[in-house]
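So that the names make sense, note that chain A is the first sequence line, chain B the second, and so on, each numbered from 1.
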Number of protein chains: 2
Amino acid sequence: MKRVKICLAGPGNVGKHFVKLLIERNELFKKQYGIDLQLFAVAGSKGGVISSSPLDLEKVYHYSSQEPWKSYFPGYGIDDLKSWQIISDSETDLLVEATPSDLKTGEPGLTNFKAAIKAGINIVTLAKGALVTDFAGLMKNAAKQNLSIKFSGATAAALPTVDIAHYCLAGATIKKISGILNGTTNYILTKMAREGVDFNTALKEAQKMGVAEPKPDLDIEGWDTAAKIVIITNATFGSELSLKDISVAGIKEVTLERIEEASLKGKTIKLIGESGLENNRYKQTNQDIKNKVFVKPLALENHHTLARVDGTTKAIHFETDIFGDLTVVGGKSDPRAAAAAAIKDIINLARERF
Amino acid sequence: MKRVKICLAGPGNVGKHFVKLLIERNELFKKQYGIDLQLFAVAGSKGGVISSSPLDLEKVYHYSSQEPWKSYFPGYGIDDLKSWQIISDSETDLLVEATPSDLKTGEPGLTNFKAAIKAGINIVTLAKGALVTDFAGLMKNAAKQNLSIKFSGATAAALPTVDIAHYCLAGATIKKISGILNGTTNYILTKMAREGVDFNTALKEAQKMGVAEPKPDLDIEGWDTAAKIVIITNATFGSELSLKDISVAGIKEVTLERIEEASLKGKTIKLIGESGLENNRYKQTNQDIKNKVFVKPLALENHHTLARVDGTTKAIHFETDIFGDLTVVGGKSDPRAAAAAAIKDIINLARERF
């Protein structure tokens with residue numbers, strides 16, 4: 001039995017779903033994979049817990065978003081350490097990074113990542129911030145320490161993206177990747193096209209349905225898609241892009257007229273994140289990158305597999321040499337599925353490393 | 001640098017493409033994956049070669065289908081050993097099994113598999129025969145010896161199927177798998193639906209295009225699809241099915257009338273291989289299995305992702321709990337892509353084992 005000692009940073013929404021999945025499935029995972037996932041530490045924004053034995057998961061699930069930690073976890077609750085300090089002191093094998101991350105500064109994920117790497121802890125992340133600000137630096141430092149960083153939860157979660165490139169297409173040269181990587185914007189564009197409503201009406205409906213957030217800017221301005229394509233591109237092509245390196249346009253300017261005009265030409269408008277950085281270890285001018293890695297609304301021919309991907313469904317399309325083209329469609333878009341993506345990464349990391 | 005010493009059994013069509021890919025890509029693989037793939041032995045139906053140093057790949061590519069082996073490979077060419085004997089004596093790490101295999105007897109693959117396992121050699125197979133006759137026995141014996149068997153090349157090749165279940169959906173419970181797993185039959189059904197031609201006309205056209213073989217029975221009677229779904233099912237659900245355990249119907253009886261009738265109801269007829277064996281280590285009566293694992297033409301609602309998969313394109317659809325539904329579409333259907341699937345398996349096996 002392989003035992004994985006886990007530290008969870010960010011016991012909020014997705015973090016709680018992660019704990020819930022451990023509660024429900026760990027016995028199954030022991031039988032199915034010979035892997036025992038044990039939670040030894042939790043790092044919140046204002047303290048957390050570090051334990052010398054596996055934490056009571058039910059207790060973590062119920063009390064991890066309450067404070068002060070000392071009163072709920074007497075003896076090992078901590079109220080005066082930052083999350084990176086808890087990670088440093090946790091003596092765990094693996095950090096699950098689920099903090100709400102800022103795409104510009106990368107924080108608090110970036111500091112948490114650095115603390116984990118310094119302490120010899122592998123990382124499975126659901127947060128994008130650290131990876132879109134210093135992907136190359138973090139990967140190099142992790143490699144020096146012989147540590148793995150996996151990030152399915154930060155790259156479309158239940159829809160496999162980097163896994164496909166890394167595992168299912170091993171040996172092929174990938175020429176181009178394009179994806180519908182954000183469910184909210186795809187829902188809005190689908191609604192506009194099908195029901196003939198304008199952007200604002202579709203957005204309001206999406207918010208009412210819980211598909212769009214009250215503050216929807218990260219999604220509708222394309223930044224969520226951009227963060228995902230930057231990470232997927234770096235992981236696949238060995239590039240060293242940050243979020244600021246690529247050109248990003250969202251769907252605010254997509255009018256109903258433009259959608260109808262495209263439709264008359266047998267086309268469908270989708271918000272596409274695309275990367276055509278064919279070569280590994282790609283070094284080019286910024287202008288080359290902006291042309292080859294971008295996020296923008298594109299009018300796709302209706303027979304293109306991505307044109308038919310509707311509603312909140314996501315999809316990714318790979319153009320390769322020896323394997324031909326491959327499209328992957330689906331995967332749930334909810335916090336539980338995001339947590340499941342972290343579980344997947346942990347299982348695969350344990351298979352490879354433990 | 002990880003070195004993998006390879007024995008190739010079956011240096012025919014796909015086998016030659018495999019050697020060609022090694023010639024073209026091994027330098028790239030060394031850099032990209034830190035893996036050096038070296039061919040040390042070739043086992044043909046009437047002899048082969050065993051070498052104590054890496055074989056000259058160009059020479060193997062050009063002369064491996066000629067005989068006698070001794071005259072083309074003086075000193076180490078062998079004309080009087082069977083393929084399993086060459087495998088046994090090869091002192092290699094990995095067998096690439098690319099012999100034309102019989103789906104009923106499993107031979108010559110079955111004997112080759114057994115020889116490899118006995119000699120402590122991992123297996124990457126492109127042939128289905130051994131796996132549809134004694135999947136469970138082979139897997140158990142390999143596990144006892146701590147050996148891996150990978151079989152992407154036997155389960156839709158460039159379309160990832162078992163990789164998705166094993167790697168991309170790790171941690172999820174897969175509830176149902178259904179696939180369009182054979183390009184020839186999908187081409188014929190698509191042609192009938194689009195052009196309103198009958199089965200025989202569509203088959204003849206497919207043969208003219210090189211999409212169907214002169215003897216097309218394995219494809220059109222559903223046995224190729226059946227072999228793939230049997231292997232995928234065993235690998236995913238831990239079942240121990242052989243080809244004879246499941247019910248199989250092909251497309252010979254699909255009339256143009258039936259296709260048109262389905263079309264009027266908003267449906268499309270596809271040859272589907274399906275498995276609904278939800279539980280791991282599934283033990284049921286034969287009748288249960290026949291109901292839950294089958295190959296037959298099904299009328300799918302047009303909005304089903306598989307209904308839109310046309311021509312020679314293949315696809316597989318997974319229903320899971322925590323990841324939701326996932327569909328993978330594409331992958332080339334030619335001998336070079338099949339050889340590429342073996343390369344992929346070798347790279348992943350080397351990552352895990354070497």
* To do: Locate the shortest heavy-atom distance separating B/Leu326 from A/Gly331; write the atom from each residue and the value.
  => CD1-N, 3.8 Å

* What part of B/Ala339 gets closer than 4.5 Å to chain A, counting heavy atoms only: side chain, backbone, both or neither? -> neither

* Do side-chain atoms of B/Tyr33 reach the backbone of A/Gly171 as a donor and acceptor pair under 3.5 angstrom? -> yes

* To do: Could you check which of A/Val309, A/Ile343, A/Thr173, A/Asp310 has the highest count of heavy-atom pairs closer than 4.5 Å to chain B?
  => A/Thr173

* **Side chain to side chain, A/Arg308 and B/Thr305, heavy atoms closer than 4.5 Å** => no

* **Part of B/Tyr167 lying under 4.5 Å from any heavy atom of chain A** => both

* Single hit among A/Thr161, A/Val328, A/Asp163 for side chain to side chain contact (heavy atoms under 4.5 Å, CB included) with B/Cys168 -> A/Asp163

* Salt bridge or not for A/Lys332 and B/Asp321, using N-O below 4.0 Å? -> no

* Among A/Ala338, A/Ala340, A/Ser333, single out the residue with the greatest number of heavy-atom pairs under 4.5 Å to chain B. => A/Ala340

* **Close contacts, residues 344-354 of chain B versus chain A, judged by heavy atoms under 4.5 Å** => B/Lys344, B/Ile347, B/Asn348, B/Arg351, B/Glu352

* **Non-hydrogen side-chain atoms of A/Asp325 and B/Val329 separated by less than 4.5 Å** => no

* For chain A, find its close neighbours in residues 147-159 of chain B: heavy-atom separation under 4.5 Å, sorted by number, or none. => B/Lys150, B/Ala158, B/Leu159

* **Residue part contacting chain B, namely of A/Ala315, when any heavy atom lies under 4.5 Å** => neither

* To do: Name the region of A/His317, side chain, backbone, both or neither, that has any atom closer than 4.5 Å to a heavy atom of chain B.
  => neither

* Side-chain contact test, heavy atoms from C-beta onward, threshold under 4.5 Å: evaluate it for A/Ile322 versus B/Glu24 and give yes or no. => no

* Under 4.5 Å from a heavy atom of chain A, the part of B/Ile35 involved -> neither

